[in-house]
Every structure is written in structure tokens, then in C-alpha cells.
Amino acid sequence: MSFKINSYEDYKKQYQQSVENPEQFWSTIANTFSWRKKWDTVLKWNFDEPNIKWFVNGKLNITENCLDRHLATRGNQTAIVWEPNNPNDDTIKLTYHQLHQKVCEFANVLKNNGAKKGDRICLYMPMVPELAIAVLACARIGAIHSVVFAGFSAKALADRINDSACTLILCSDEAFRGAKTIPIKNVVDEALKNCPSISKNIVLKRTGAKVEMINNRDVWWHDEVKKVNSECVAEEMDSEDELFILYTSGSTGQPKGVVHTTGGYMVYTNYTFQNVFQYNTGDIFWCTADIGWITGHSYIIYGPLLAGATTVMFEGVPTWPDAGRFWEVVDKHQVNIFYTAPTAIRALMACDIDFVNKHQLSSLKVLGTVGEPINIEAWEWYHKNIGKTNCPIVDTWWQTETGGIMISSLAGITPSKPTFATLPLPGIQPCLVDAAGNEITENNVEGNLCIKFPWPSMLRTTYGDHNRCKQNYFSTYKGKYFTGDGCKRDENGMYRITGRVDDVINVSGHRIGTAEVENALDENHLVIESAVVGYPHDIKGQGIYAYVICAKEVNEQELRKELLEHITQHIGAFAKPDKIQLVSGLPKTRSGKIMRRILRKIAEGDTSNLGDTSTLLDPEIVKEIKNNAL
Ligand code: 7RM
């Protein structure tokens, strides 16, 4: 396609065009898609309200671009390769024709169950083809999908359903995950006790476990599919109609529902997919993320399917039945482009290298990483052992809010530098700001990372609370989108993202707000107050360290057990603190603010210089915490 960047010179040219004339740049790219009606203005924006509109008054349906427009040229090509949890079970391959048919069929199931344009539909499902089918079926009828990662607890699920008043939920009986099964339907049943907006629950049979079906509410997926045909004309959507909501953690309060709209998201995910990974027709692409996160939305489903690629969907985990599972799948499906997270690389690095060397890995051409800063050891291991030193690595920096990759090298095209995300993609205008909020224009500097100009797939709002969007992202630095990340820029203008500068932590690539964990802990009857911080963790990137003040004398062992169970119930097992320290007080300022800086230092094991503690209400407490640190 015409927008493929094929040299460093070409990158520089496109980048310059995208800054000098963004509207012309993006409209040329948008013209390669199929629209029911073209836009009349490319972009309307202001970052103060904020109000951002791309391809204004354009009409389209994204699934016509993911599916229908490929049928004539590649209807019989595999769209989705599904690899099951258990290597002894059968792979499923769906061609573009078959996927189109299944999406249309399930779109009719949704309609039969009362869904219509604009309704919110919650998906709480394992990584099976039906999840991708259901996501696209929502988009086909103009319903807004809200996928909730199936590791979240009943309470977290209920909060998300209620925040956007979903009317329908899609789930399965259970999920396979490595050697375990996860009781999906039971969790949904528990959540739905507190979700009055839900009228129907469509249940997919995955493990065949016996589950209770509630009359007039629960229906079986396979029964519903039998009632419909596979003709479904796509709903005509406005470019700015909402495509999906995805909840993500912030530094305060409950997770926010990040809202993405149709036209801009489509253009940007496709553009970045093809350019960053240098996708060529026929390539097999595998992104190991879960569809419950943005990476799965943009680079398992939308980006690859828009490009007419073959996308691999994996139900399992990297270490089951053994630590060679990823590499076995790479060989089995002859994967050309492989995209994973540093946490997975570090976990596999710690295992016997034979798990890698048993496999050929000769199909690989490009490797990618995402989700957190990659350390040099992991980068080198990945480069040498997986890429055999001849696959470029793209270190892709982006966020749920950005919708697509923002800063990354283009595989084999632009220069790369280990542990650096490197250069912004065309259309992306990053800047670094200092503590006073002034833009730093020189190189060889460090600051907070902002974006100065809109890009097509940026978030439009946070669901039901536009003011929160404004406060969170557009108020810290006037006229700029603030990412929440700290960042270095080297002498050549290359970017290295150093991590969050707010109270968000990144545990095994899962984004968690420290406030969320604190709120959950504080709800436990044993807890008076808590403070949670992140600390460096060899495998997970960051671990969770909780300081807890208890209501009464408790047995520490039992307290830990109780609190871990409590977090599993309130958020999900992935948010369990790695360390829980009982304290008699917390270091607070006179105005009652917890001095997290001090707690972070103690958690890091760096107590040599805790800075000025004289303004604390009770400086003595620091000694106690330090002496009992874990
Ligand atoms: C795609 C995704 C976003 C946060 C972001 C960063 C961190 C993501 C990188 C990275 C360093 C990277 N969305 N992050 N990618 N840090 N290098 N290549 O992860 O919303 O779940 O998380 O993740 O802190 O703000 S997310």
C-alpha cells in the first residue's frame, strides 16, 4: 500500500510532511480505506476542552474494512490462526471468508438478543476465536464493546459493567489457563448480582464444565447461533461514533473508561501495524497479548485484520506445559513477526536455554516489545537467542489512551538503539517538559513526556466523565496531552521512556493504580490505613509493596493470607502485593499527605538518603518502617 515507509529517507520525508501538513498527510492515508461517505473536514481540535474530531462527517463501518473489502482479493487466506492452551488440541484456522461469515452470524445473535447501535456490550472471555468474532460483531452493528480482561475479579467486573451501563455480557463457562481452569461463569454470576443494566448473558461452552443457567437471562452461544443466518449488512457509523471503551488504571480512584472512536482509530492502527512491523503480504503475525488489553485490541484484531494479515491468537501461557511453548508455536505456525512484553522475556530468560534451542525459529524476521521499559539484559537475550542477531527489535512505546504505537523504530528501516523506543512515528509530535512545565527543546535531556498535536487514534474522552479526561491528561501542561511517563532524549533526539512519574505501577505489563490497591486494602476489616508503592522486581519489572496499619493485634501470617485473598476478590490475582509490611503509622506531612517518596525508597531497599523528613508529622515512624523493611 502507498503509505508503506521503505527507507530512512522516506521516514524523514513522511515525518516532515505529517508535521507541516497533518491534514493532507492523514487524508492521503485515510483515502486508502473504504468509506460509505468521505469526510468534509480532516481534523477539528482543541486540547483545552478537549475536543478532538478526525475525518469529520465521514461514514463507514470498520468491519467492512477488516473483512468485506478483503473478500475479493484474499477471501481464502487465513485471517486468524488460533492456538489452543493445550498443545495436543487442534489449531483452528479461519479464512477471511469464514471470519466474515461468523462475524455476521454473531452480529445477528446480538441483535436477536436486543442489542442495537450505541449499546455497550461487555466481553469477559478467554482467548478463543469467538472473542475476536464477538468484538467484530459488536462493531458490525455499531454496539460499543467493553472487553474486560478475564483475570479481573467479580467486583472489578461489576464496577466496569456499571460504569458504562452495559446491557449485554458475553462470557464462557470456564477458561483454560496453563494447567488451571478459571471459573468465568461463576465470576460473572457473582458480578451480575450488582449489575441491574444487564439483561442478557450469552455463554460460550469452552471447557464443558457444568454451570448454572439463569432463566430469561442466560442463553447458550451455540443455541443462539442456530437461530440466525449469516447475512448482516454493516451499520453505517459516523467517523466519531464510539467504537469501544477500555478501562485502564490511573493515579487516583477507580479505573477510567478510555473511549476510542471509529475512523481515526482505524486509520492509525493500520498505518502503525504496517510500518512499525514492516508487514509484507503473506506474513504471519503473532502478538502474545490478551485481547483484554489495548495491545490485543490494536495488534491482534484491528491493525492486522485491516491490513489483511494473518494474525495468531494464543489461548495459553508462556510457561505451560513448559518454557518452550512460545517457541514451539513460532515454529508450528511459521511466525514471521513476533510481538511480546519484557516481562515474558525475563521469565523465559530465567529458564533453561534448551527450551529455546530445541526450536528452529528460522521463520522470524521481526521482533517487538511493548508494555514497559525493557532492560538491556532482556533486550540482548531476545536479540541473540530469539532473533539469532538478525531480526530487528522494535521497542514500541504507547498507551491505552494513544490507541496505537507512538514512538518506535520501524523494523530494519530506521535506526534502533537498545532500550530506546527511538523516534516518533509520522504524525506524532512528542515533547519533554521540565518541572515548571516549560518545554525542553535541546537534546541530551530528561523530562515528562507530552504530545503537542492530535493524532487520529487518541482517546476522545473517559466514559461518562469528560472532566476527568480533561483533568487527567490535558490540565497538567496547558495545550498538551500529558502521558504520565518520564522520558530521556539522547544527543540524537532518540527517546527512552523511563517509566511512570505518577502513582501508576506496571507489574508484569499490567497497569495498576496504587490508589486502587490501597482502596481495596482499606476496605478490609483488619486494615485501618495502607500505602502502596512499586519497587524494582527482576521478572515482573515492578512488584507491589504494601504498608499496612492494622486495626488490632493480628497474626502477620494470617493477615497476609487474608489480604492476598481480599485483593484477589476485589481486583484480581495479578494485583496481589508481593510484600506486605505491618506498620504502626505512615510518614505523613502536616497536611496529611502520605510521603510516598520515602516509602518508595524504603521499598527499593535504598535507605541511605531518605531526603528531608523534618516536615513530617511524626519523623520517628520512618525509623520504625526502615528497621522492619522486608
Ligand atoms: C501498550 C500499553 C501504558 C504504559 C505507558 C508506559 C508503559 C508501554 C512501553 C512502556 C517503556 C515501552 N498500554 N510502556 N510501552 N514503557 N517502553 N515500549 O502497554 O496503557 O497498558 O500501559 O506502559 O509507562 O504509560 S498500557
Side-chain angles (χ1 to χ4, degrees), residues 147-149 151-152 244-251 255-260 268-269 272-273 276-277 287-300 302-303 339-346 367-376 378-379 382 393-409 416-425 428 430 446 448-451 457-459 462 472-473 476 481-489 494-514 516 534 540-542 574-575:
V147 183
V148 176
F149 172 59
F152 278 108
F244 66 88
I245 303 169
L246 186 57
Y247 286 86
T248 194
S249 297
S251 49
K256 310 177 276 269
V258 169
V259 173
H260 284 288
Y268 196 75
T269 52
T272 52
F273 171 75
V276 170
F277 301 105
C287 164
T288 68
D290 192 288
I291 288 174
W293 311 113
I294 191 70
T295 306
H297 282 61
S298 301
Y299 300 106
I300 296 178
Y302 288 111
Y339 190 32
T340 196
T343 187
I345 299 170
R346 288 191 299 264
L367 302 176
T369 108
V370 60
E372 47 179 322
I374 186 165
N375 49 310
I376 186 71
W379 194 97
Y382 197 32
I393 296 181
V394 290
D395 179 349
T396 64
W397 173 82
W398 59 295
Q399 310 177 295
T400 305
E401 294 86 343
T402 69
I405 297 168
M406 302 285 281
I407 303 182
S408 171
S409 54
S416 84
K417 176 172 174 178
T419 79
F420 277 67
T422 73
L423 299 173
L425 297 204
I428 306 306
E446 183 161 7
N448 285 348
L449 179 61
C450 294
I451 315 288
S457 68
M458 68 185 298
L459 87 164
T462 45
N472 245 292
Y473 306 105
T476 317
Y481 166 83
F482 176 43
T483 64
D485 280 316
C487 183
K488 287 182 176 159
R489 187 169 52 217
M494 288 205 178
Y495 291 87
R496 176 179 206 283
I497 286 72
T498 49
R500 303 289 302 197
V501 294
D502 54 9
D503 291 317
V504 172
I505 52 179
N506 198 323
V507 181
S508 298
H510 296 295
R511 183 169 154 179
I512 300 170
T514 52
E516 259 174 280
K540 300 179 179 183
Q542 279 186 299
F574 61 86

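We count ligands from 1, going down the list as the structure has it; atoms in each ligand are counted the same way. All values reported here derive from a predicted model rather than from experimental measurement.
Nearest protein heavy-atom neighbour of atom 12 (C) of ligand 1: Glu372 O, 3.6 Å. In terms of protein heavy-atom proximity, atom 22 (O) of ligand 1 is nearest to Arg511 CD, 3.7 Å. What sits closest to atom 3 (C) of ligand 1 on the protein, heavy atoms only, is Trp398 O, 3.7 Å.
Of all the listed residues (Gly484, Ala289, Pro373), Pro373 holds the heavy atom that lies closest to atom 16 (N) of ligand 1. Relative to atom 26 (S) of ligand 1, the option among Thr483, Asp395, Ile512, Thr400 with the closest non-hydrogen atom is Thr400.
Residues Thr419 and Arg496 are in side-chain contact: their nearest non-hydrogen atoms beyond the backbone lie under 4.5 Å apart. Counting heavy atoms from C-beta outward, Pro255 and Glu516 have side chains that approach closer than 4.5 Å. Between Thr396 and Val276, the closest side-chain pair of non-hydrogen atoms falls below 4.5 Å.
Of all atoms in ligand 1, listed by their number and element, those nearer than 4.0 Å to a heavy atom of Thr396 are 9 (C), 12 (C), 15 (N), 18 (N). Taking every non-hydrogen atom of Thr295 and a distance limit under 4.0 Å, the qualifying atoms of ligand 1 come out as 1 (C). Numbered from 1 in the order shown, with element, the atoms of ligand 1 that lie under 4.0 Å from a heavy atom of Ile497 read 11 (C), 16 (N). Of all atoms in ligand 1, listed by their number and element, those nearer than 4.0 Å to a heavy atom of Ile294 are 1 (C), 13 (N). Interface atoms of ligand 1 facing Asp485, defined by a heavy-atom separation under 4.0 Å, are 5 (C), 6 (C), 24 (O), 25 (O).
No side-chain donor-acceptor contact under 3.5 Å links Trp379 and Asp395. For the residue pair Tyr268/Thr402, the side-chain donor-acceptor check at 3.5 Å is not satisfied. At a cut-off of 3.5 Å, with distance as the only test, no side-chain donor of Thr295 or Tyr339 sits close to an acceptor on the other residue.
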Exercise. Assess whether side chain to side chain contact (heavy atoms under 4.5 Å, CB included) is satisfied between Gln542 and Glu372, documenting all intermediate values.
Key: CA-CA 10 Å; Gln542 279 186 299; Glu372 47 179 322; over 6 Å; no
Practice problem: Let me see the working for Trp397 and Thr483 under side chain to side chain contact (heavy atoms under 4.5 Å, CB included), right down to the final yes or no. | Solution: CA-CA 11 Å; Trp397 173 82; Thr483 64; 3.5 Å; yes
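Checked against His297 for a ring pair (Phe, Tyr, Trp, His ring centres under 6.0 Å), the options Phe244, Phe273, Tyr302 give a single hit: Phe244.
The N/O atoms of Arg500, backbone and side chain alike, include one that comes under 3.5 Å of an N/O atom in ligand 1. The shortest N or O to N or O distance between Val370 and ligand 1 is not under 3.5 Å.
At a heavy-atom distance under 4.0 Å, only side-chain atoms of Asn506, from C-beta outward, approach ligand 1.
The shortest heavy-atom distance from Gly371 to ligand 1 is under 4.0 Å. Ligand 1 does not have Trp293 within reach: every non-hydrogen atom of the residue lies 4.0 Å or more from it.
Atom NZ of Lys488 sits in a sparse spot, with 12 or fewer heavy atoms from other residues, nucleotides or ligands closer than 6.0 Å.
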